[in-house]
Number of protein chains: 2
Amino acid sequence: MGVTEKRAQHKEEFRREILDAARDLFIKDGYEEFSMRKLAQKIDYSPTTIYLYYKNKDDLLLAICEEFSEQFFTHLHQIRMLSNDPLESLRQALLYFTKFWLGNPNQFKVFFFTKPNVYGTKEEFMEKDSMARDTYLIFREMVRDCIKTGKLADIDAEVLTHAFGVIPHGLIAMTFYSSSFPRADSNVVAQTLVDGLLRGFQR
Amino acid sequence: MGVTEKRAQHKEEFRREILDAARDLFIKDGYEEFSMRKLAQKIDYSPTTIYLYYKNKDDLLLAICEEFSEQFFTHLHQIRMLSNDPLESLRQALLYFTKFWLGNPNQFKVFFFTKPNVYGTKEEFMEKDSMARDTYLIFREMVRDCIKTGKLADIDAEVLTHAFGVIPHGLIAMTFYSSSFPRADSNVVAQTLVDGLLRGFQR
DNA sequence: ATGATAAATTAACACTGTTAATATATCAGA
DNA sequence: TCTGATATATTAACAGTGTTAATTTATCAT
């Protein structure tokens with residue numbers, strides 16, 4: 001192995017090391033606690049060193065998001081394959097997301113509440129290849145499956161996808177951000193909402 | 001008028017002046033741009049002067065929230081009085097919130113996405129008298145109206161209130177925070193969601 | 001005019017993400 | 001092994017945040 005290759009490999013290893021530390025810090029101490037300086041301290045390097053491996057904070061957060069998106073995609077894929085009832089698949093997908101994010105609030109925060117958004121604009125998200133985009137696309141396909149097979153009302157698929165997305169999104173956002181406002185048990189509300197909405201859109 | 005009263009009055013006037021400037025800065029330049037230092041500059045005082053009139057940033061934000069909550073409460077009250085159909089009232093209330101917040105994203109942000117929450121914990125919110133609490137209570141009452149009159153399924157009122165709250169909440173949060181992800185027209189989705197959910201919960 | 005009180009200010013602290021300039025380590029070729 | 005180049009890491013700095021303590025300035029009754 002040439003020296004340039006060895007260098008490249010080492011660089012890749014270090015990138016991973018930083019990413020792992022970042023994910024740990026993120027999950028353990030939370031989004032609010034995360035900072036480049038704290039990450040630097042954790043990996044025993046100066047804060048600026050990180051910038052040699054990741055363009056900036058967003059770049060690092062994006063890498064974390066992509067890791068999780070891979071999980072999402074794989075899971076949705078399985079759900080879709082395992083059942084012949086597209087309505088049941090969609091229900092499971094919705095409950096999967098709510099359950100996952102209820103258990104990983106910080107991950108939810110990076111994903112949806114980073115300013116500016118880690119995935120850029122709506123257009124950039126759709127143009128650039130990413131696991132997050134693939135996840136969105138397969139989710140939309142699951143909604144389309146329901147419409148095509150006549151399980152759901154023939155409403156515009158984009159609208160319906162968006163509408164269903166609101167459920168886990170709103171629920172988690174409410175649970176973790178709007179903690180002042182009275183709330184019932186999140187899991188119960190999730191079940192109720194998913195059931196209610198699927199019933200409401202059935203034709 | 002005694003001098004102490006004049007002083008007190010002046011103090012109250014100044015509090016208002018700060019509040020007005022704060023609201024302006026907030027609505028115009030947005031939540032992210034708002035800072036105590038910028039507010040101070042706007043009213044031509046030093047940053048620390050504000051602290052003589054408001055305990056801290058949260059205290060100031062709370063005051064803004066209460067102003068808006070008064071609007072909410074009044075509006076919900078009207079809606080409830082004007083119609084005999086509780087289901088229609090609830091529908092209007094939900095659309096009112098979505099519409100209001102779509103037009104006032106920054107207000108939504110203070111309300112639900114301030115860390116720590118301006119209204120404190122769930123318990124503090126329910127114990128302490130506030131316009132926000134009154135708004136929540138009347139909204140819950142509207143949900144109860146629907147259940148009592150048999151318009152909605154007999155599900156726990158807290159759960160149902162929470163579930164309905166998720167709709168405007170999730171929709172706005174998605175629109176303004178998760179701007180990377182593909183979205184259909186927010187107003188269309190709002191209509192679709194409210195209709196769908198009300199249908200799903202009808203008995 | 002003096003002394004007390006109220007009001008406003010300056011200085012400071014401990015943070016944040018990020019850049020430019022600088023120092024240190026690594027390694028190929030002479 | 002010494003030199004020069006390159007890659008890597010560090011320090012110093014900027015402009016910003018909310019907030020507190022100490023200090024100055026203004027107001028007003030005696």
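Reminder, nothing fancy here: chain letters follow the sequence lines and each chain counts from 1.
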K.L.:
In whole angstrom, give the distance that lies between atom CD of B:Glu33 and atom C1' of D:dA15.
P.N.:
13 Å

K.L.:
Nearest whole Å is fine: how far is C:dT9 C1' from B:Asp44 CG?
P.N.:
14 Å

K.L.:
Among the candidates D:dT19, D:dT11, C:dT18, find the nucleotide nearest to the side-chain atoms of A:Ser46.
P.N.:
D:dT11

K.L.:
Looking at A:Asn187, A:Leu94, A:Val189, which one forms a side-chain contact (heavy atoms from CB on, under 4.5 Å) with A:Leu171?
P.N.:
A:Val189

K.L.:
Could you check whether B:Asp145 pairs with B:Arg80 (Lys NZ or Arg NE/NH1/NH2 to Asp/Glu carboxylate O, under 4.0 Å)?
P.N.:
yes

K.L.:
Do any side-chain nitrogens or oxygens of B:Tyr53 fall under 4.0 Å of OP1 or OP2 in C:dA8?
P.N.:
yes

K.L.:
Between A:Glu17 (CD) and D:dA9 (P), how many Å, whole number?
P.N.:
10 Å

K.L.:
Nearest to the side chain of B:Lys57, which nucleotide is it out of D:dG18, D:dT10, C:dT18?
P.N.:
D:dG18

K.L.:
Whole Å only: how far is the CD atom of A:Gln41 from the P atom of D:dT10?
P.N.:
13 Å

K.L.:
Side chain of B:Leu52 only, heavy atoms from C-beta on: which candidate in C:dA7, D:dT19, C:dG17 is closest?
P.N.:
C:dA7

K.L.:
Measure OH/A:Tyr51 against P/D:dA12 and give the value in whole Å, please.
P.N.:
18 Å

K.L.:
Considering all heavy atoms of both residues, which atom of B:Phe68 and which atom of B:Phe111 are nearest to each other, and what is their separation?
P.N.:
CB-CE1, 4.2 Å

K.L.:
Going through the distances and angles, do A:Phe176 and A:Phe108 end up as a ring pair (Phe, Tyr, Trp, His ring centres under 6.0 Å)?
P.N.:
CA-CA 10 Å; A:Phe176 293 113; A:Phe108 180 80; 7.6 Å; no

K.L.:
What is the nucleic acid contact for A:Tyr45, judged by heavy atoms within less than 4.0 Å: base, sugar-phosphate only, or nothing?
P.N.:
sugar-phosphate

K.L.:
Nearest nucleotide by nearest heavy atom, which residue falls closer to the 5' end of DNA chain D, A:Thr48 or A:Arg37?
P.N.:
A:Thr48

K.L.:
Answer yes or no on whether A:Lys109 is positioned over the face of A:Tyr177, meaning its NZ or CZ is under 6.0 Å from the six-membered ring centre and within 45° of the axis.
P.N.:
yes

K.L.:
Taking only side-chain nitrogens and oxygens of B:Ser35, does any of them come within less than 4.0 Å of OP1 or OP2 of D:dG16?
P.N.:
no

K.L.:
Could you state the CD1-P distance from A:Ile43 to D:dT8, rounded to the nearest angstrom?
P.N.:
15 Å

K.L.:
OP1, OP2 of D:dA9 versus side-chain N and O of A:Thr49: anything below 4.0 Å?
P.N.:
no

K.L.:
If I take atom OH in residue A:Tyr31 and atom P in nucleotide C:dG17, what distance separates them, rounded to the nearest angstrom?
P.N.:
10 Å

K.L.:
Roughly how many Å is it from CG in B:Asp59 to C1' in D:dT20, rounded to a whole number?
P.N.:
16 Å

